[in-house]
Amino acid sequence: MSGWSIGAGCGLGLKLGAAGLLLGLHCASGFALERDIDLAYRLSAEAPGTAFERERLGIREECGRHRAEFHGGAPDEQQRAQTREVLAYQGLVEEALTMRARSIRLLDELREKIAHRQALSGRDLQRLNQGAAAMLEQRAALYRISLVHECWLDEPVPDDPQAARRQATGIAMSLSAALVLYDNYLAVISLYRSDPALRQHLNRADSAFALRGGELNRIAASFASPENRARVRRALVWLEEHAPAGALEEDTGDEAFRYLGQLIDQSPSRNIVRHARPLEFVGNMFGMFSTLGADSVVGLKKEGVHVSSLLFGNAVGLVESRRGKLDARPSVLAKVAVTAQAGDILLEKTPFRLTDAFIPGHWGHVAVWIGSESELRELGIWDHPVVRPLQARIRSGRGVVEALRSGVEMNTLAHFLNVDDLALLRQDELSSAQRAEIVLQALRQVGKGYDFNFDVESTDRIVCSELVYHSYLHLDWPTERRLGRVTISPDNVAVRAVGGGPLSVALLYRDGEEVESARGDAMARLVQAQVIRLAGR
């Protein structure tokens with residue numbers, strides 16, 4: 001990891017589990033200052049935001065009130081309050097990332113209809129307006145987080161190291177929230193706004209959802225505002241100059257600050273805001289990028305960010321800088337397909353996806369291979385009530401069950417193999433009955449939502465590693481406590497194939513190449529030593 005790659009390169013950034021409201025579109029930052037802002041990025045004495053935002057959110061002096069109410073106690077109380085704040089914010093960010101994926105899926109459905117000259121149904125229009133209303137709710141929540149910590153930029157850095165770290169954490173949270181809003185615009189809003197029919201619809205008023213006319217245009221104007229960009233850049237410069245020494249170290253650093261640092265580090269908008277000329281969004285995606293200029297586009301490419309990916313987003317609304325090293329390789333696909341058995345565990349590593357950087361450890365994602373029709377018939381569960389509704393998907397080759405931000409889905413092996421590293425884990429001593437139960441448990445999770453909280457003790461929503469946790473009920477899995485929640489990471493799954501654990505490594509690819517011998521030893525070198533120690537307790 002490179003950390004926050006700003007300025008001379010502060011060594012900021014560490015892998016940590018990442019963390020919107022409802023389904024919908026998303027927005028850009030509502031940062032807008034008076035036009036006479038100076039070049040030193042000093043804050044205006046007026047409350048930021050448009051007149052409507054000031055009226056709706058009542059944010060005049062909000063930052064000062066928040067500081068006094070939530071961060072005015074004894075130092076220990078201040079630290080606990082801030083930890084709770086970051087914990088709640090993590091859930092909000094996770095929902096924002098999840099809603100990006102759902103919004104893009106909705107957009108694909110609507111574009112398909114529009115392309116075939118089909119009228120949008122009443123249900124389609126309702127979903128659009130529900131999404132727009134949800135977008136405004138999320139915008140208000142993220143916008144408020146950015147506001148209630150922004151005044152910390154005007155305060156001197158305390159001499160006390162703990163107090164200085166709390167100040168930096170508050171500023172990092174403000175900056176992160178602003179960048180999430182910018183990223184929401186790039187990943188989703190710009191896509192909806194580029195379609196004339198959808199843009200016109202979303203700019204219409206709808207009293208049923210409290211939508212004002214022209215709302216989408218106002219959000220676009222806010223995104224393009226040079227004043228907004230100046231405020232965000234001011235926070236970036238502050239953190240470059242004042243980030244506390246050691247705040248991001250694994251053993252001595254602050255977990256909340258590390259999390260916020262990683263969010264900032266992985267924001268597609270950060271470098272645009274930090275380096276590019278003020279964005280002047282002109283109503284379509286290509287026009288927006290044309291305002292960046294050739295130098296800015298080249299800079300983005302040098303940093304491994306393809307403009308096309310940044311423009312259109314990917315399945316999770318973030319950036320995929322390239323395809324995986326195992327992608328579109330028939331020999332690899334054939335070997336994995338012939339080796340995998342129903343109930344096996346799939347681990348993958350995709351360093352070219354920003355989402356992977358949020359996951360602690362080497363491995364970034366886990367899935368369960370539920371097998372083919374013939375395997376499920378052999379296990380005696382092909383006609384089981386859990387399997388029957390999913391038979392068509394299994395017959396079409398969608399044998400990978402995985403929890404993505406859009407929910408728990410079934411996908412093909414070819415789709416899954418867009419990765420650099422792959423491990424196939426197996427418990428060899430499983431009876432047919434145990435293997436059948438693993439498959440059924442995995443299939444029972446299909447359709448569940450994504451677990452924004454990464455809480456293994458919840459079952460209504462599932463994150464990727466929790467899928468294995470709730471499928472292999474007969475095994476004990478190492479867990480960790482992160483930001484106040486009991487979690488299980490992909491490395492926590494992988495470690496059960498290390499040091500005589502119950503799992504074996506049936507297949508392993510590292511950096512696009514197969515590891516043909518001593519796969520268990522190779523796995524041990526990949527898994528974090530901290531995770532291995534935890535599993536041995």
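Residue numbers run from 1 in the order of the sequence given.
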For this session: Starting at CG of Leu239, measure out to CG of Leu153 and round the result to the nearest 0.5 Å.
Result: 8.0 Å
Exercise. Ile394 versus Trp382: any side-chain heavy-atom pair under 4.5 Å?
Worked result: yes
Problem set entry | Point-to-point distance, once rounded to the nearest 0.5 Å, from OG1 of Thr169 to OH of Tyr259 | 13.0 Å
For this session: State, to 0.1 Å, how close Asp491 and Val527 come at their nearest heavy-atom pair, and which atoms those are.
Result: OD2-CA, 3.8 Å
Exercise. What do the steps show when you test Leu333 against Leu413 for side-chain contact (heavy atoms from CB on, under 4.5 Å), and what is the final call?
Worked result: CA-CA 7 Å; Leu333 176 60; Leu413 263 180; 3.7 Å; yes
Exercise. Between Ile264 and Arg270, what is the shortest heavy-atom contact and its length?
Worked result: O-CD, 3.5 Å
For this session: Give the C-alpha distance, both sets of side-chain angles, the deciding distance and a yes or no for side-chain contact (heavy atoms from CB on, under 4.5 Å) between Leu422 and Phe416.
Result: CA-CA 10 Å; Leu422 174 75; Phe416 187 84; 3.8 Å; yes
Exercise. Just wondering, do Gln391 and Glu373 contact through their side chains at under 4.5 Å, heavy atoms?
Worked result: no
Problem set entry | Leu347 and Val366, any side-chain heavy atoms less than 4.5 Å apart | yes
Exercise. Should the ring pair Trp477 and Tyr472 be called parallel, tilted or perpendicular, given that the plane angle runs from 0 to 90° and is split at 30 and 60?
Worked result: perpendicular
Problem set entry | Exercise: identify the closest heavy-atom pair between Pro490 and Gly364 | CG-C, 3.8 Å
Exercise. Taking it one step at a time, do His474 and Glu437 satisfy side chain to side chain donor-acceptor pair (under 3.5 Å)?
Worked result: CA-CA 10 Å; His474 60 284; Glu437 185 57 30; over 6 Å; no
Problem set entry | Side-chain ion pair, Glu375 and Arg435, N-O less than 4.0 Å | no
Problem set entry | Pairwise side-chain contact, Leu142 with Leu92, heavy-atom cut-off 4.5 Å (strictly under) | yes
For this session: Take His365 and Glu402 through the test side chain to side chain donor-acceptor pair (under 3.5 Å) and record every step on the way to the result.
Result: CA-CA 9 Å; His365 185 56; Glu402 55 182 335; 2.8 Å; yes
Problem set entry | Step-by-step side-chain contact (heavy atoms from CB on, under 4.5 Å) determination, Leu404 to Asn411 | CA-CA 11 Å; Leu404 304 175; Asn411 289 307; 3.9 Å; yes
Exercise. Any idea which heavy atoms bring Thr339 and Lys335 closest together, and the distance?
Worked result: OG1-O, 2.7 Å
Exercise. Under 3.5 Å, side chain of Tyr89 to main-chain N/O of Ala177, donor-acceptor pair present?
Worked result: yes
For this session: Say whether, by atom type as modelled, one donor and one acceptor occur between the side chain of Asp421 and the main chain of Arg510 under 3.5 angstrom.
Result: no
Exercise. Between Asp420 and Asp511, is there a donor-acceptor pair closer than 3.5 Å when you use the side chain of the first and the backbone of the second?
Worked result: no
For this session: Go through Gln441 and Arg444 one step at a time and tell me if the side chain to side chain donor-acceptor pair (under 3.5 Å) criterion holds.
Result: CA-CA 5 Å; Gln441 277 295 104; Arg444 287 186 177 106; 2.8 Å; yes
Exercise. Under 3.5 Å, is there a donor-acceptor pair between the side chain of Ser432 and the main chain of Leu379?
Worked result: no
Problem set entry | Beyond-backbone contact of His149 with Leu175, side-chain heavy atoms, under 4.5 angstrom | no
Problem set entry | Side chain proximity check, His384 to Leu443, heavy atoms < 4.5 angstrom | no
For this session: Step through the shown structure and confirm whether more than 12 heavy atoms of other residues, nucleotides or ligands are within 6.0 Å of CG on Asp428.
Result: yes
Problem set entry | Whether Arg329 side chain and Gly512 backbone form a donor-acceptor pair below 3.5 Å | yes
Problem set entry | Any Arg519 side-chain heavy atom under 4.5 Å of Ser504 side chain | no
Exercise. For the atom pair CG (Leu526) and NZ (Lys349), what is the distance rounded to the nearest 0.5 Å?
Worked result: 9.5 Å
Exercise. Below 4.0 angstrom, N of the basic side chain to O of the carboxylate: do Asp344 and Arg426 qualify?
Worked result: yes
Exercise. Just wondering, more than 12 heavy atoms not from Gln78 lying within 6.0 Å of its CD?
Worked result: yes
For this session: Can you measure from CG (Leu260) to CD1 (Ile171) and round to the nearest 0.5 angstrom?
Result: 12.0 Å
Exercise. How far apart are the C-alpha atoms of Trp152 and Met173, what are their side-chain angles, what is the distance that settles it, and do they pass the side-chain contact (heavy atoms from CB on, under 4.5 Å) test?
Worked result: CA-CA 11 Å; Trp152 296 24; Met173 185 153 44; over 6 Å; no
Seminar exercise, completed: Heavy atoms of Ala494 and Leu425 approach each other most closely as CA-CD1, 4.1 Å
Problem set entry | Rounded distance [0.5 Å steps], CD in Glu513 versus CG in Leu326 | 8.5 Å
Exercise. Rounded to the nearest 0.5 Å, how far does CD1 of Ile370 lie from CD of Gln341?
Worked result: 14.0 Å
Problem set entry | Mutual orientation of the aromatic rings belonging to Trp238 and His242 [parallel < 30°, tilted 30-60°, perpendicular > 60°] | tilted
For this session: Would you confirm whether Ser174, through its side chain, and Ser146, through its main-chain N or O, come within 3.5 Å as a donor-acceptor pair?
Result: yes
Exercise. Looking at side-chain heavy atoms only, is the closest gap between Trp369 and Val400 below 4.5 Å?
Worked result: yes
Seminar exercise, completed: Correct closest heavy-atom pair for Ala178 and Val232 would be CB-CG2, 3.8 Å
